[in-house]
Amino acid sequence: MDYSMQDLMAIFAMQGFAGLSFFSVLLLMALGLAIIFGQMRVINMAHGEFMVIGAYTTYVVSEVMGGWGSWGAEYYILFAIPLAFLVAFLVGMVVEVLMIRHLYHRPLDTLLATWGLALIMQQVFRSVFGAREVSPSTPSWLDGAWTPTPMIYIPLNGLFIMGLTLVVTLGVVWLMYRSRWGLRVRSTMASREMSAAVGINTRWVDRLTFALGCGVAGIAGAAFTMISSTGPTSGTLYIVDTFLVVVFGGAGSISGTVVSAFLIAQGQSILEFFLGSSMAKVLTLLVIIGILMLRPEGLFKSKVRR
Amino acid sequence: MNNFLSLIAEKRGLPGVLILALVLLVLFPLTMDINNLNLAGRFLAFAFVAVGIALSWGYGGMLSLGQGVFFGIGGYAMAMFLKLEASDPESTAAQTTPGIPDFMDWNQITSLPWFWEPFHSFTFTVLAILIVPTIVAALIGFALFTRRVTGVFFAIITQALVTIATILIVGQQGFTGGANGITDLRTLMGWDIRTDDALFTLYYISAVLLIGCVILGLWLLSTKYGSILTALRDREDRIRFSGYNVAYFKVFIFAVSAMMSGIGGAMFTLQVGFMSPSLIGIIPSIEFVIFAAVGGRLSLVGAVYGALIVGYAKVMFAEAYPELWLFLIGSVFIAVVMFAPYGLAGLYDKYARPHIQRFMREKGWLKDGASPTLPSASTEAK
């Protein structure tokens, strides 16, 4: 095995890119949960299903706009992503009103109830879209790869998802930490009574926060359906990873979620290179559990006393 | 007669156990044919896990989403013993390497791995079924509880553990049988476990062991240990400030629940004749919790009924209306959590028990003032 310096650099670049691409998907999936679980302490086991809502929305938009000629097929994704957010946001709001708001004082029970919700949603997907996996058509401008040198091959849809993740992350950070509304959210989560006393409508804060988390999950779904197909039970595949990212990063800290998604994604892709994918996954999970035993609060401890 | 009835009615939980024993040991065998009885036996195997969950979650406040790991250890230990017995050199003579399980031969493994060797011994297997889940749970519990990992974090870590177990089993196909699991199990020390007689006997063994586990659990809860356990579920810091080492109390009940799950796994393997990773993954592990939640998280007897009822409902609905099954179980689960957090046992306590007690008092079977109650849930389990 003779690799020239240039080959090695190319392998390194592509492996690094694979890790970065995994990182952006993982982060996008975990952001919604970082809001719902990290801020609100609601364990939403149906988070994966909210992603699937976004994925199916994208699929429907692609089918509908694909019928409008080549313009629709090319640029449907720009409409699908906001719509995926909106649909997941609205469903999230309904779920909050019907179910979640009755369970805020029983966090472990939200886990069980949302698991029931996840089962129902899976069956809805199956009844509406069939058990077969679907994937939307890829627009031609996202098909193919960027090849800065003949050796390096970087898929364009991966780049697109990275850009999307960056925009969504900055948006969430701005909303939670720089906007008036984020201030209200953080104050409500810190002390519900005090916030209500100073005139914050805590009920609406809860509702919108939960719906926002669901909406971000919808965007994540729209992104992952571009790189892998979507079936009714796709959501369950991601739920463990997503929760671990949030817990490992330290619930309640969005920068923690970013760091932890980065570490997990890079760690796993490097290990995959040496060990194969299943052992890499096992080792990554074991390391995460090991670190969580040493630091039960996660990497970034939230400074808020609860 | 009157004295006897009032005696059992005053003993906490015992009348429930007697009724359960009547149902399992007399009613079911009399009314069911062997196929249905075998089906009930499988649900009873799941009920072991559910009883363990009622103990560790309902009373200890630790929700484990990873009980499948322990169910799997018990089930796989039994399956390994049975598989070795089924793979004697004569019946596997067609293989490249006779005398090793068929799936190893398919995966180009030419000698029995070291960790399979001890499973030639039945004594070792039984000990492994009882002890390995207990030790694994104790280690996990020790590592997590001394670091004060609680509640949600504990649930998520145990769920990650079950993910690890499934990936390992599926990935190491040559050693574990992979996604197909360990199949084609025939005899237990020469006794054919596939005959109707054997299934009947195995059903009885499961039922008796299960009732034994329920009684063990009720006894544990009636001791001082049980009171402290319930207390630390509700106000862990107070118990800690009273000078108890809270972690050890939690490790103990978690290990007990793991041991029960292991027994359940072994009984499942015996009655079904195979073991596979699809029985221990994330979804089955949550289903175990569903059994306990539907039956009532504070009722060990209820957990058994929960496993039977949900199990039967699943079989009936999944056959007749596969479309509706997920809707039904999902809605039932949401309804139980939201409107009846203490499950069927809670509904019974609230609506049926007062009437029964009044009836018994009128008949003079129950002395006034003697009102046997389950330990109540003063606050929600965290």
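Below, read A as the first sequence line, B as the second, and so on, with proteins coming before strands; counting in each chain starts at 1.
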Residue part contacting chain A, namely of Ile286(B), when any heavy atom lies under 4.5 Å:
side chain
For chain A, which of Ser331(B), Ala293(B), Ala335(B) has the most heavy-atom pairs under 4.5 Å?
Ser331(B)
Is chain B contacted by the side chain of Leu294(A), its backbone, both, or neither, given a heavy-atom distance below 4.5 Å?
backbone
Take atom CZ in Phe317(B); do more than 12 heavy atoms of anything else shown fall under 6.0 Å from it?
no
Test Phe153(B) against Leu292(A) for side chain to side chain contact (heavy atoms under 4.5 Å, CB included), laying out the working first.
CA-CA 9 Å; Phe153(B) 296 90; Leu292(A) 279 179; 5.9 Å; no
Report the distance from atom CZ of Phe243(A) to atom CG of Leu65(B), rounding to the nearest 0.5 Å.
9.5 Å
Audit row: Val124(A), Phe327(B), side chain to side chain contact (heavy atoms under 4.5 Å, CB included) steps and yes/no
CA-CA 8 Å; Val124(A) 172; Phe327(B) 279 129; 3.6 Å; yes
I need the minimum non-hydrogen distance between Leu285(A) and Ala160(B), along with the two atoms involved.
CD1-O, 4.2 Å
Does Lys281(A) reach the side chain of Leu168(B), with side-chain heavy atoms less than 4.5 Å apart?
no
When Val240(A), Val282(A), Leu244(A), Asp241(A) are each screened for side-chain contact (heavy atoms from CB on, under 4.5 Å) with Thr163(B), the one that passes is Val240(A)
Side chains of Phe37(A) and Val152(B) in contact at under 4.5 Å (non-hydrogen atoms)
yes
Chain A contact via Ile282(B) - which portion, at a heavy-atom distance below 4.5 Å
side chain
Greater than 12 external heavy atoms within 6.0 Å of Tyr321(B)'s OH:
no
Under 4.5 Å from a heavy atom of chain B, the part of Leu117(A) involved:
both
Could you give me the CA-CA distance, side-chain angles and deciding distance for Trp57(B) and Leu108(A), then say whether side chain to side chain contact (heavy atoms under 4.5 Å, CB included) is met?
CA-CA 10 Å; Trp57(B) 174 41; Leu108(A) 271 184; 4.3 Å; yes
Let me know if Ala155(B) has heavy atoms under 4.5 Å from chain A in its side chain, its backbone, both or neither.
side chain
Min side-chain heavy-atom separation Val149(B)-Met293(A) under 4.5 Å:
no
Could you tell me the separation between the CE atom of Met99(A) and the CD1 atom of Ile334(B), rounded to the nearest 0.5 Å?
4.5 Å
Can you find a pair of side-chain heavy atoms, one from Ile167(B) and one from Met279(A), that are under 4.5 Å apart?
no
Heavy-atom pairs under 4.5 Å with chain B are the metric here; pick the option from Thr110(A), Leu119(A), Ile120(A) that has the most.
Ile120(A)
CZ (Phe23(A)) with more than 12 external heavy atoms under 6.0 Å:
yes
Which heavy atom in Ser278(A) sits nearest to a heavy atom in Gly171(B), and how many Å separate them?
OG-CA, 4.2 Å
What part of Met45(A) is in contact with chain B, defined as an atom under 4.5 angstrom from a non-hydrogen atom: side chain, backbone, both or neither?
side chain
Answer yes or no: are there more than 12 heavy-atom neighbours, outside Arg240(B) itself, under 6.0 Å from its atom CZ?
yes
Can you tell me if CZ on Arg203(A) sees more than 12 non-hydrogen neighbours from other groups inside 6.0 Å?
no
Does any non-hydrogen side-chain atom of Phe333(B) lie less than 4.5 Å from one of Thr114(A)?
no
Given side chains that start at C-beta, do those of Leu103(A) and Val337(B) come closer than 4.5 Å, heavy atoms only?
yes
Which value, rounded to the nearest 0.5 Å, describes the distance between Leu111(A) atom CG and Ile156(B) atom CD1?
7.5 Å
Heavy-atom neighbours of Phe129(A) CZ exceed 12 at 6.0 Å
yes
Grab the two heavy atoms, one from Met338(B) and one from Leu98(A), that are nearest each other, plus how far apart they are.
CE-O, 3.7 Å
